[in-house]
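Below is one structure, written out as structure tokens; comments come after it.
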Amino acid sequence: MTLSSSPSISEKGDVVHVEDGKAAPEGGLYNPHVDRALMRKVDMRTVPWLSFLYLLCFLDRTSIGNAKLYDMEADLKITDTQYLICLTVFFISYALFEVPSNIVLKRLKPSVWLSVLMVLWGVMMTVQGLVHNYSGLLVMRWMLGAFEAGLFPGVTYYLSCWYKRSEFGIRAAIFFSAATISGAFGGLLAVGIAKMNGIGGKPAWAWIFIIEGLVTVAAGAVSYWIIVDFPDTATFLSEAERTVVIRRLQGDAQFSAAGEKMQWRHIRKALTEWKTYLAMIVYAGVDMPLYAFALFLPSIISQVRYSATKANLLTVPVYALACYIYLPPAVGYIILIASRNAALSYFAVFLSACGIYPCIPNTVAWMSNNSEGTYKRSVALAMVISWGNLQGAVSSNVYRATQTPWYPLGHGLVLMYIGTGLIATGRVQNARRDRGERDEVIEGHEGGFEVNGRFASVEDAKREKGDEWSGYRYTL
């Protein structure tokens, strides 16, 4: 089924047509150079800064693993179990607030909501370095999770509102690569900040939290002027450029790109759709291993006879390699389970990182690309990411101090999650739609089935049904 072209006005007053997501001046040919120049302009105003914000986000949530190596547990007089509970509560609040945050993001401007969240979690991160006991750390971890909850699902949804489905995956991968960079940078930063041990009467672990938190507050404060809003209101684009961005999205089966009113039926669709729950299972299969790896990599390395500083430094090349290479994640964990050699275990964490990190943006992009409707996609993405992050509560408790230095239970459970995610991964078939079994009845046209709905026009069917429309095709 061919999508109809839509006219708009260029800056020079020329009529612009968009066919299959491509804009062309009236009477002329589509110019790919102009299209690429426009998207490069969008790229430069969205991807780099948002990636930097996610670097800070991931750094703040996982730096507790680096701080632990500098006597944090002893100074706060907390047990291993209490430390694991502090890790766990972060993911509970994180998961609880992701869906509400994405709804608020759509109602407010991204420049406002994301900036406010950053400043607030930066404050929580800073105060985390001022606590003196278990209860203080516990409360700060809960608050940190609540305010960090909005960034990853929010930015993922936000980027999906700017790019065609074929373009979104690479942007999501670049954005998420900030997590691996933060892992590498976090180890180096922890070693450097640790040299402030004793300054102001604060230990090294406290300065790690304080310095990183203050950087986040500063970044959040300036984000209001840097983050751009959705395509229909983006002020850095001309009216003609905004029209082209919206029309190319509509040509890519994103019918709601020009805007959509808040209606509870859109949210209800996300809550009742089978694709949402399939994606939740798949995402849990990669997100639990991600957090287990990020939170405990310094401990895993330190327990095989490396000091705190060396352990943090040895995490750097692991994350650096994961930015560029993909390998099957199960291989590394099979080796970790079987290994009783420090060098072999260190080699295995390289394999594990290269398998886990690339799976996250791929899964998120798959879910986003197969959900049409701005509110439905917003809620569905938040549900998937929320469920995945809730698995962080599991990963926070599988590496027990009683099982050092080889952690057979932790590695075994991570391997089980990877297997579950692989089993749940399936390919959505479009064959029934190709055969016409999902065709709607369109008034004035022949064919279609009443069970699939009756509509006054094809445009009405697109707008009402979103990705359930017979002409919509799922993509990998």
Side-chain angles (χ1 to χ4, degrees), residues 57-69 72-101 121 124-125 127-129 131-153 179 182-183 186 205 208-209 212-213 280-281 283-300 303 356 360 382-404 407-418 420:
C57 178
F58 210 80
L59 187 67
D60 288 348
R61 82 180 61 166
T62 58
S63 60
I64 191 170
N66 301 106
K68 178 190 176 187
L69 301 182
M72 183 185 73
E73 290 175 300
D75 290 348
L76 295 179
K77 298 180 175 61
I78 60 176
T79 65
D80 179 63
T81 299
Q82 290 174 322
Y83 171 74
L84 296 179
I85 292 173
C86 288
L87 297 185
T88 303
V89 298
F90 170 90
F91 292 103
I92 294 174
S93 61
Y94 193 103
L96 285 175
F97 289 101
E98 283 182 294
V99 173
S101 178
W121 99 57
M124 297 304 109
M125 182 68 176
V127 176
Q128 194 171 264
V131 301
H132 299 287
N133 51 41
Y134 166 64
S135 60
L137 182 62
L138 189 69
V139 171
M140 287 303 102
R141 292 297 293 181
W142 171 273
M143 298 300 293
L144 184 66
F147 292 126
E148 277 200 15
L151 187 72
F152 184 62
S182 77
W205 63 264
I208 291 175
F209 294 143
E212 292 179 7
M280 287 167 67
I281 297 172
Y283 193 68
V286 294
D287 217 25
M288 183 274 191
L290 169 75
Y291 284 118
F293 190 87
L295 289 170
F296 290 98
L297 179 61
S299 295
I300 292 170
Q303 290 300 327
I356 292 170
I360 300 294
M383 288 174 64
V384 170
I385 296 171
S386 175
W387 178 249
N389 284 322
L390 191 58
Q391 307 312 306
V394 178
S395 63
S396 299
N397 292 278
V398 299
Y399 285 92
R400 315 292 300 199
T402 56
Q403 297 204 328
T404 58
Y407 299 110
L409 175 64
H411 297 326
L413 286 174
V414 168
L415 186 60
M416 182 193 75
Y417 265 80
I418 292 171
T420 302

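Residue indices begin at 1 and follow the sequence shown. Only heavy atoms go into these numbers, but all of them, side chains included; no hydrogens, no water, no symmetry mates.
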According to the side chain to side chain donor-acceptor pair (under 3.5 Å) rule, which pairs have a member within residues 79-94, sequence neighbours left out?
Arg61-Tyr94, Thr88-Asn397

Hey, are the side chains of Ile356 and Val286 touching, using non-hydrogen atoms and a 4.5 Å cut-off?
no

Under 3.5 Å, side chain of Ser395 to main-chain N/O of Gly392, donor-acceptor pair present?
yes

For Cys86 versus Tyr134, what's the shortest heavy-atom pair and its separation?
SG-CE1, 3.7 Å

Side-chain donor/acceptor of Asn389 to backbone N/O of Ile385, under 3.5 Å
yes

I'd like to know if the side chain of Ser182 reaches the main chain of Ala179, judged simply by a donor and an acceptor atom lying under 3.5 Å from each other, with no hydrogens or angles considered.
yes

Considering non-hydrogen atoms only, spot the tightest contact between Leu76 and Asn133 and give its length.
CD2-N, 3.7 Å

Rounded to the nearest 0.5 Å, what's the gap from CE on Met72 to CD on Gln128? Could you check?
8.0 Å

Answer yes or no: is there a side-chain heavy-atom contact under 4.5 Å between Asp287 and Trp387?
no

List in chain and number order the residues that pass side chain to side chain contact (heavy atoms under 4.5 Å, CB included) with Val394, two or more places apart in sequence or in another chain; answer none if no residue qualifies.
Met288, Gln391, Val398, Tyr417

Anything under 30° is parallel, anything over 60° is perpendicular, the rest tilted; go ahead and classify His411 against Tyr399.
perpendicular

Specify the closest pair of heavy atoms between Trp121 and Leu151, including all atoms of both residues, with the distance to one decimal.
CH2-CD2, 3.7 Å

Which heavy-atom pair separates Arg141 from Asp60 by the least distance, and what is that distance?
NH1-O, 4.1 Å

Can you tell me how far apart CE (Met383) and CE (Met280) are? Round to the nearest 0.5 Å.
5.0 Å

Who are the ring pair (Phe, Tyr, Trp, His ring centres under 6.0 Å) partners of Phe91, not counting sequence neighbours?
Tyr291

Compare every heavy atom of Ile418 with every heavy atom of Pro289, then report the nearest pair and how far apart it is.
CG-CG1, 3.8 Å

Flag the pair Leu290 / Phe58 as yes when at least one side-chain heavy-atom distance between them is below 4.5 Å, and no otherwise.
yes

Of all heavy-atom pairs between Ile208 and Ala67, which one has the smallest distance, and what is that distance?
CD1-CA, 4.0 Å

